[in-house]
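Down below is the structure, laid out as C-alpha cells.
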Amino acid sequence: MDFNEQQQAALSSTTRNLLVLAGAGTGKTRTIIGRASHLLSQGVEAKRLALLTFTRRSASEIRSRLGKTSGEAGTQVFAGTFHHFCLRIMSARRNWFGFEDLTVMDRDDQLQLMKFVRGNVVGKDSVIPQASQLLNYYSYARNTNQSPRAYLEKYTDHEMPVIEVMQKIFAAYRERKLANSYFDYDDILHRFAKVLHDNTEVRQKVAGQYDHVLVDEMQDTNPLQWLILENLGQCAHLFCVGDDAQSIYAFRGADFRNVHSFSQRLQHSQTLKLEENYRSTQEILDLANWLLERSKLNYDKKLRAYRGSGIKPQLVEFDSEFDEAEWVARAIVKRRQEGAVWNDHMVLCRTAYSARPLEAELIERKIPYRFIGGTSLLQMAHVRDLLSVLRVAVNHRDEIAWIRYLTLWPGIGEMTAAKLIQGMAQMQDLDQALHVIDAWPRNAPEVAETVRSIARHLEDPAQALQLLSEALDPLLDNKYDHWESRCKDFQLLEQLASRHRSISAFLERYTLDPISATEISRSPSDEIVTLITVHSAKGTEAKTCFVIGVQPGNYPHARSLGDESAIEEERRVLYVALTRAQDELILTRNMAKSYSRTSWNASTGSHYFLEGLPSKLISHQSLVGVSVQ
DNA sequence: AACGAGATTCTTTTT
DNA sequence: GAATCTCGTT
C-alpha cells in the first residue's frame with residue numbers, strides 16, 4: 001500500500017496518544033489499517049492490539065481489509081464495536097465484573113420493559129412521556145455520564161412532579177433489569193467503564209492486555225466511551241481518527257467538539273491532519289464544501305480533490321416519491337446496461353421509511369439489492385414472536401419474552417401474563433415454570449406444550465423454528481395482515497438458524513449483530529445495489545451515489561427544527577451523504593411528500609440546506625408535472 | 001376486570 | 001404499516 005506523506009507520518013507516529021483529523025475521503029480507514037499493519041510489522045503481538053469502531057459495518061470492513069494486508073496476524077486483531085469489545089472481555093471474566101448471567105436487551109426489549117414498568121407506575125397518563133421517549137432520556141443521560149435526574153432537570157422542560165414520576169419509572173426499570181440479569185446496550189459500556197474506573201486491579205489486568213488501541217470515528221465518541229478510552233489509555237497507546245464535520249451521533253451523546261479537546265484530556269498527545277481527498281472529483285467536493293461553508297460553525301474544512309475534475313452533480317425534482325423511486329431504479333438499470341456493475345451504485349436515504357418506494361421498485365424490477373439500516377429480520381414483530389419461545393426455552397426467567405409469547409394466545413392479555421410470570425419467577429427450572437401455566441384454570445394445553453417441544457430441540461435451532469412456525473401459524477395468521485408475505489421470513493430465519501449449533505448460540509449471535517433480511521441469502525461476492533441510511537453509510541463509498549428525498553422536511557429533518565445544534569447535525573448528515581460519491585452524485589427530491597404538507601411551514605423552508613444553491617455547482621432538472629413512463 | 005376488535009395517529013438516525 | 005387508544009363484549 002502506498003501512503004502520502006501525511007498518512008505515513010500518522011501511521012508510523014511514536015507519540016503516545018495521537019489524534020488524526022481526517023476529512024471525508026482522505027484515507028481515514030486506509031490509515032487506521034495501515035497503522036495496524038505497521039504495528040504488527042514492528043513486532044506488536046496481534047492480541048495486544050484492539051481496533052474500535054462505531055458501527056458493525058465498519059468493523060467488518062476493517063476486519064476483512066486487515067486480513068488482506070496483514071494476513072494471519074491481521075485476522076487475529078480484535079476489530080469490533082465498543083459494545084463488542086466490552087462484552088467480550090466481561091463475558092470471559094464475569095466475576096471481575098460482578099455478574100454471573102447476562103442477557104443482552106436490544107431496543108425492542110428495552111421498549112417492552114419500559115412500557116411495562118411505565119404502565120405499572122402511572123397507568124395511562126398522557127402527561128408522562130411515552131416509553132420510547134423515556135428510553136431516549138434514560139439512555140442519553142447514561143451515555144453522557146450523568147444521572148437521569150440531573151439530565152432531566154437541566155436539559156428538559158418537564159415540571160418537577162413529572163420528573164419525580166419519571167425517576168420512579170427509571171428506578172423500576174433498573175430493578176427489573178437487575179432481577180432478570182438483563183443488560184441493555186448502555187449497561188454493557190457502563191459496567192465495563194465503572195469497574196475499570198473503580199477497581200485498580202481489574203483495570204491493570206484488562207487495560208494491561210493492550211499496547212495499542214485504535215479508534216475509528218472518534219468524533220462520535222460519547223462521554224461514556226471516552227471514559228473507557230481514558231482507562232485503557234493508562235496502559236495502551238491511543239490512535240484515534242476522526243472528522244468533526246462528520247459527527248452525526250449527537251443523539252447518542254456524542255459531542256463533535258470532543259475531538260478538539262483531545263490534547264487537553266490526554267497527556268503526551270499530538271494532533272495530525274489528513275487533507276487530500278482521494279475519493280471524489282472536485283465537482284462533488286465543491287458541493288460538499290459549499291454546504292459546510294454555509295454553516296455558522298467554522299469547520300475549517302475545504303476538501304481538495306486529488307483526482308481533479310469530473311462530472312457535475314445533478315439535482316432532479318419529482319412530483320411524488322413514487323416517480324422519484326421509479327426514475328432512480330431506471331437510472332441504475334440504464335447505467336448497468338452501459339457497462340457499470342450493480343456494486344457501483346449506492347442509494348442513500350435519510351430514514352429507512354423513506355426508502356420504501358424505491359425498495360418496491362427494486363423488487364419489482366428484480367434488481368438485486370441489500371438494505372442496510374432500518375429494521376432487521378430479527379427485529380420484525382412476527383419474527384420476535386417466534387424468538388420469544390426460543391428465549392424462554394433457553395432462559396425461563398426471561399420476562400419480556402414470556403409476555404410476548406403468552407399474550408399471543410387468545411384469552412391471555414397483559415394482566416394474566418403478568419400474573420403467570422410472577423408465579424413462574426419463583427421456579428427453579430423451565431419444567432416447574434411450565435407447570436404454573438398448566439395450573440392456570442383457563443389454560444389451553446398447547447401454551448405450555450409448545451414451549452416443551454422447543455425445549456427438546458435446544459441443539460437444533462432450525463428444527464425448533466420449523467416446529468414453531470407450524471405450531472404458531474394459526475395464531476400469527478390471525479394477528480397479522482398480509483400473513484402470506486410475512487411468513488416467508490420464517491424460511492430465511494430457518495436458513496439463518498441452521499448455521500448455528502444451539503438455540504442459545506443463535507440468539508446470542510444476533511442481538512448485538514442484527515442482520516437484514518436482504519443479506520441472509522447472499523454471499524459477499526454477489527453483485528448488488530446498496531440501499532443504505534446515511535448514518536450507516538459513514539465510511540463507505542461508491543462510484544455512483546443517489547441521495548434520495550433531499551427536500552425540505554428531510555434535510556434538515558422536520559424533527560430537528562427549533563434546535564440549532566440539531567439542525568447543524570443534520571447539515572453534517574447531508575455532508576456525509578454527499579461525500580460518499582466517487583464519480584457521480586445524483587440528488588433527487590420530491591415535493592409532494594405526505595409529511596411535507598403537515599410539516600412544511602416557514603421554518604422548514606427557511607432552514608432547507610439546498611436553498612440558494614448556485615447553479616454553477618449543480619445541473620438542475622425538474623420532472624414535476626412530467627409523468628415518468 | 002380483562003380481553004379484543006376497530007379506529008386513530010404518526011412515522012430519525014444506532015449500539 | 002405499526003403502535004396506541006377507545007370502547008364494546010365476555
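Atom set for the values below is all heavy atoms of this structure, side chains included, hydrogens, waters and symmetry mates excluded. Chain A is the first sequence line, chain B the second, and so forth, proteins listed ahead of strands; every chain is numbered from 1.
A cation-pi arrangement, defined by a distance under 6.0 Å to the six-membered ring centre and an angle within 45 degrees of its axis, is present between A:R572 and A:F256.
A:R370 and A:T530 are linked by a side-chain donor-acceptor pair at a separation below 3.5 angstrom, with hydrogens and angles left out of the test.
Closest to the A:M415 side chain, of the nucleotides B:dT12, B:dT14, B:dA2, is B:dA2. Ranking B:dC3, C:dA3, B:dT15 by closeness to the A:A381 side chain, first place goes to C:dA3. In the set B:dT15, C:dG1, B:dT13, the nucleotide with an atom closest to the side chain of A:R356 is C:dG1. Checking B:dT11, B:dT15, B:dT13 against the side-chain heavy atoms of A:Y353 singles out B:dT11 as nearest. Each of C:dA2, B:dT12, B:dT14 was ranked by its minimum atom distance to the side chain of A:T533; first place goes to B:dT14. In the set C:dA3, B:dT15, B:dA2, C:dA3 carries the atom at the smallest distance from any side-chain atom of A:K115.
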Please tabulate the protein-to-nucleotide N/O contacts below 3.5 Å involving nucleotides 4-9 of chain B, giving atom names and distances.
| residue | atom | partner | partner atom | Å |
| --- | --- | --- | --- | --- |
| B:dG4 | OP1 | A:G411 | N | 2.6 |

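B:dT15 atom C1' lies 4 Å from atom NE2 of A:H83, rounded to whole Å. Rounded to whole Å, atom C1' of B:dT12 lies 15 Å from atom CZ of A:R572. As rounded to whole Å, 13 Å separates atom C1' of B:dA2 from atom CG of A:L420. Between A:H382 atom NE2 and C:dA3 atom C1' the separation is 16 Å, expressed in whole Å. Distance CZ (A:F371) to C1' (B:dT13): 11 Å, rounded to an integer number of Å. Per the geometry, CG belonging to A:N136 stands 13 Å off P belonging to B:dT14, to the nearest Å. With rounding to whole Å, A:Q133 atom CD is found 11 Å from B:dT12 atom P. Rounding to whole angstrom units, OH of residue A:Y138 and P of B:dT14 are separated by 22 Å.
Remark: A:Y155 pairs with A:Y151 by the ring pair (Phe, Tyr, Trp, His ring centres under 6.0 Å) rule, at least two apart or across chains. Qualifying ring pair (Phe, Tyr, Trp, His ring centres under 6.0 Å) partners for A:F82, counting only residues two or more places apart in sequence or in other chains: A:F54. With sequence neighbours excluded, the residues forming a ring pair (Phe, Tyr, Trp, His ring centres under 6.0 Å) with A:Y249 are A:F251, A:H535, listed by chain and number. For A:A381, the side chain to side chain contact (heavy atoms under 4.5 Å, CB included) partners two or more places apart in sequence, or in a different chain, are A:R404, A:Y480, A:R486.
Nucleic acid contact class of A:F82 (heavy atoms, under 4.0 Å, all strands): none. Across all strands, A:R57 comes closer than 4.0 Å to no nucleic acid atom at all (heavy-atom distances). If you check every strand for non-hydrogen atoms under 4.0 Å, A:E414 touches sugar and phosphate atoms only. Across all strands, A:S560 comes closer than 4.0 Å to no nucleic acid atom at all (heavy-atom distances).
A salt bridge (Lys or Arg N to Asp or Glu O under 4.0 Å) check over residues 373-382 of chain A, counting only residues at least two apart or in different chains, returns nothing.
Where A:K419 and A:R559 each meet DNA chain B at their nearest nucleotide, the meeting point lying more 5' is that of A:K419.
Judged purely by atom type and a 3.5 angstrom limit, A:N231 has no side-chain atom pairing as donor or acceptor with the backbone of A:I228.
We find that the ring of A:F251 and the base of B:dT12 do not stack by the test of centres under 5.5 angstrom and planes tilted less than 30°. B:dT12 has its base stacked against the ring of A:H557, the centroids being under 5.5 angstrom apart at an interplanar angle below 30°.
Residue A:T416 places at least one side-chain N or O under 4.0 Å from the OP1 or OP2 atom of B:dC3. Between B:dT14 and A:S536, a contact under 4.0 Å exists linking OP1 or OP2 to a side-chain N or O. A close approach under 4.0 Å does not occur between any side-chain nitrogen or oxygen of A:R118 and OP1 or OP2 of C:dT4.
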